[in-house]
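Here's the structure, in structure tokens; my notes come after.
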Amino acid sequence: MSDRYNHKISEPFWQNEWSQKKVFETENDLNKKKYYVLEMFPYPSGKIHMGHIRNYTLGDVVARYKKMQGFNVLHPMGWDAFGLPAENAAMTEKKNPEEWTYSNIGVMRNQLKSMGLSIDWRREIATCHPDYYKHEQSFFIDLFNNGLAYKKNSLVNWDPIDKTVLANEQVIDGRGWRSGALVEQKHLSQWFLKTSAYSNELLADIEKLDNWPNKVKIMQSNWIGKSEGQQIKFKISQNNTTNIEYIEIYTTRADTLFGASFCALSTQHPLSIHLAKSDNKLNQFIEENQNKDPDKEKNGYKTKLYVEHPLKKDLEIPVFVANFILMDYGSGAIFGCPAHDQRDLDFAIKYNLKILPVILPKNTKKENFKINNVAYTEDGTLINSYFLDGLSIKDAQEAVYKKLKDKNLSTKKTNFKLRDWGLSRQRYWGCPIPMLYREDGSIVPVDKNDLPVKLPKIKFISEGGNPLNTIENWKNTTCPLTGMKAKRETDTFDTFFESSWYFLRYCNPRSEEALEKDKIDYWMPVDQYIGGVEHAILHLLYSRFFVKALRDLKYFNFDEPFQGLFTQGMVTHQTYKLNKKWLSPEEVRYDEIQKKYLNEKNVEVEVGKIEKMSKSKKNVVDPTEIIKTYGADTARWFMLSDSPPERDLEWTDVGISSSYKFINRIWRMVSGVVDGDKSGYSDDNNKNLNSKLNTCIINIEKNVEEFHFNKSIANIYELVNNIQKAVENKSASYEGLIDLFKKMSLILQPFVPHLSEEIWRKVGGKGLAVSQKWPEKTKEVIETNTKTAIQINGKTRLIISLPRKYKENEVFEVIKNDKKIDKYIKNKKIKKIIFVPEKILNIVV
RNA sequence: GGGCGUGUGGCGGAAUGGUAGACGCGAUAGACUCAAAAUCUAUUGAGGGCAACUUCAUGGGGGUUCAAGUCCCUUCACGCCUACCA
């Protein structure tokens, strides 16, 4: 009799069985009902971390459960394989990015396999493979031909020492992360996708996403940032050295027009740039203030220009160039109403501009209303505004619009915060953008027959700059149409481009066609997508855009890629510090006697906050070590227990070892019965246990569907505890117990699949547990009695077990003479009795 | 500044407006053991009582209700996201 469950033998064995019997290979039967489970695919950084374990465990529970429910399940895996870390490794360790990436993939694939995931590995994709990225090059050409991709100048972060472009996350406190140099803003001509063409649809369709977390929907909606306002023209009145007649501003608060005391232009505004040509001081101001710096004080430069107030002829308003006006929102110019906008107020105080309140709060007298250094931004009625006085904010906006529209000075305009997606990256390790710059100056796409444009092989990357620029025999080519000399685009795609359609490719990962319509129609949309909330905006929004754009290019006909979304919490761990240096968990131990945390030299260690596992804080636990020591099932069980999946999960040593104990407890219980003495069993408890099993199945189904895996785990504990009691006192029949074990092993399958198989085999189950149907609920309700709480004035005084079918008067008859109840109701008048069947009976006295 | 969310035992967490604390961890005591680990059994929100029992408890303060962790108002604390978006 083997007392211990040996995961080291068992887990590889069953993983091999599953693979040999091809149980996770998706069926081609397109008539069967389908279920597509997807976890966000990993970046092949080198090894998996606890976040991955949690993510893929959650997905695997869903996938295995749905498979047992009879669905044709698609549960694929791949690699988000382009990106910066490969280039960093190429620079710092002189490694070839391609080899580095594929070798990491090899390691991580094995690590994932050791988790026992129900993945169809035939469908594995790596986005850095030409067979993958050739299709997105083709999509890009389609987008270009349909006006959804275009080129324009835009600002990038430029590191003047490394002579390279930096991604936003590589800029730390305004400095390059490697060189430490102050980052400059530099204009470069770059490729964009017209995400803005879909602003309205991206916003409106959020409503269709019923199975998304509300907070993600709100984040997306805020990011798209729709606002409705007016574009108003202010006539330039004095010192007009330009041929520009008007300054156009965008406002959502046209009602505050009479409170205007200045206009402000962005430093990038064409008029600012024009004025700077003949104004050295302005030129200097623009240079000093054009870099984005959120902490910088509001600064302005007063130009010689004035504009006329559009509704008050005699009022002249000064024009400033100011550092807090964004060029790429609205028209890059505003009018400032200091009384009702905090930014404008700060600015007005600094430059001593007039502050005239025009909105009066309700129940306030005009004489008593003063603006000091807090702007009033709430609701109210108009004052100091001539014909608008007394109107509501909304009516005033409408009245202003009516007045100005006839003079052609105002138009209604809807603005979005959402901008077009800048795709170009001045990087080597990405998908080449399939465009050519012909010597006659025109820009043409590569002929689709010449795809893929493969990345040229390189050994490693020397410091600074994109190597594609210097590989002449790759860069120089000819135009397929004219034979003219041409140069290739040397920028590569943002890696969000690859992740915007990988879920489509999984449907037909090896087909010559990018997307096979029948497969896409069958599998899409993804039924359940699972990943970190950090992708709530960009990745999910780009993917939604991509699907809509490809739909309009007639690749398929659906609107949203992800039917259901679940965002999991982080895996956290206690941090430790000594002399301001972080210590890893292995360097720290808890001393029971001293009740202190000590390092190896018995020096007391400072216990820090519980934070997300990260290398920099050293609070990481390596999942491969955990799987080696305790097994994949233990790791999975711990990931699922206690904390609800959407919340943070704290990794603790006692947590993992108690999971391990439970796994062993189940095995001991089963093997003890099967290998033990078969005599002496009674069947007193069979009925009761079947009832518990039934309840357990009902609860688990509900909890798995709702992603309350922590509660499913509690359901299983309850069931196992009940069975174990019966095993110990042999109060259920042997056959009954074996039958329970069979069903229990199937219930365990989605959570701890290896142990499930082991039990299934031990109790003589045929075939594999993973291929069985999810156990059915028995129809009979076994327990005839239920506990009813008897309350007096809403306070529970007695809990009594009564037949389920009892009515109010029957319950009352039973309890009215109970001495506990009697003492509360005797000599009192019963005013009312409230009865909820099978729950409570409340006597109001 | 804006948005979202969370406050329940020593801890993680359960509770369609209807028995607050399921389940797990930890802790205490006992059994087994030469001893420990493992395992098993019992107890475990706080206070009072020999006891039957009883009082108080879901961040704080109000309210609605026969009944509030749950609904409403108000207030405090913490966390996350986002930010000159006119």
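The structure displayed is predicted, hence computed values, not measured ones. Here is the naming used below: chain letters follow the sequence lines, and residue numbers restart at 1 for every chain.
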Is A/Gln342 close enough to B/A86 that one of its side-chain N or O atoms is under 4.0 Å from OP1 or OP2 there?
no
How would you label the contact of A/Ile218 with the nucleic acid (heavy atoms, under 4.0 Å): base, sugar-phosphate, or nothing?
sugar-phosphate
Residues at least two apart in sequence or cross-chain that pass side chain to side chain contact (heavy atoms under 4.5 Å, CB included) with A/Lys412, listed by chain then number, are A/Glu398, A/Tyr401
Ranking B/A86, B/U6, B/C84 by distance to the side chain of A/Arg647, first place goes to B/U6
What pairs with A/Lys787 under salt bridge (charged side-chain N to carboxylate O under 4.0 Å, His left out), at least two apart in sequence or on another chain?
none
Using the closest heavy atom to pick a nucleotide of RNA chain B for each, name whichever of A/Ser658 or A/Glu646 lands nearer the 5' end.
A/Glu646
What orientation do A/Trp421 and A/Tyr542 show, parallel under 30°, tilted 30 to 60°, or perpendicular over 60°?
parallel
Any N or O donor-acceptor pair under 3.5 Å from the base of B/U19 to the side chain of A/Lys795?
no
Using atom CD1 of A/Ile834 as one end and atom P of B/U19 as the other, report the distance to the nearest whole Å.
14 Å
Is B/G62 in the syn or the anti form, by the rule that syn lies within 90° of 0?
anti
Taking atom types as they are modelled, is there a donor-acceptor pair under 3.5 Å from the base of B/C84 to the side chain of A/Lys298?
yes
Taking the same atom, P, in B/G69 and in B/U16, what whole-Å distance lies between them?
13 Å
B/C56 versus B/A20 - spacing of their C1' atoms, nearest Å
14 Å
Can you confirm whether the side chains of A/Lys350 and A/Asn299 place a donor and an acceptor under 3.5 Å from each other?
yes
If you look at every strand shown and take non-hydrogen atoms under 4.0 Å, does A/Ile325 touch a base, only sugar-phosphate, or nothing?
base
Expressed in whole Å, how much space separates the C1' atoms belonging to B/U54 and B/G49?
8 Å
What contact category does A/Lys661 fall into here, base, sugar-phosphate, or nothing, at under 4.0 angstrom with non-hydrogen atoms?
sugar-phosphate
Between B/G3 and B/C73 - P atom distance, rounded Å
16 Å
Looking at A/Phe347, does the NZ or CZ of A/Lys298 lie under 6.0 angstrom from its six-membered ring centre and within 45 degrees of the ring axis?
no
Between B/A67 and B/U19, how many Å separate the two C1' atoms, rounded to a whole number?
12 Å
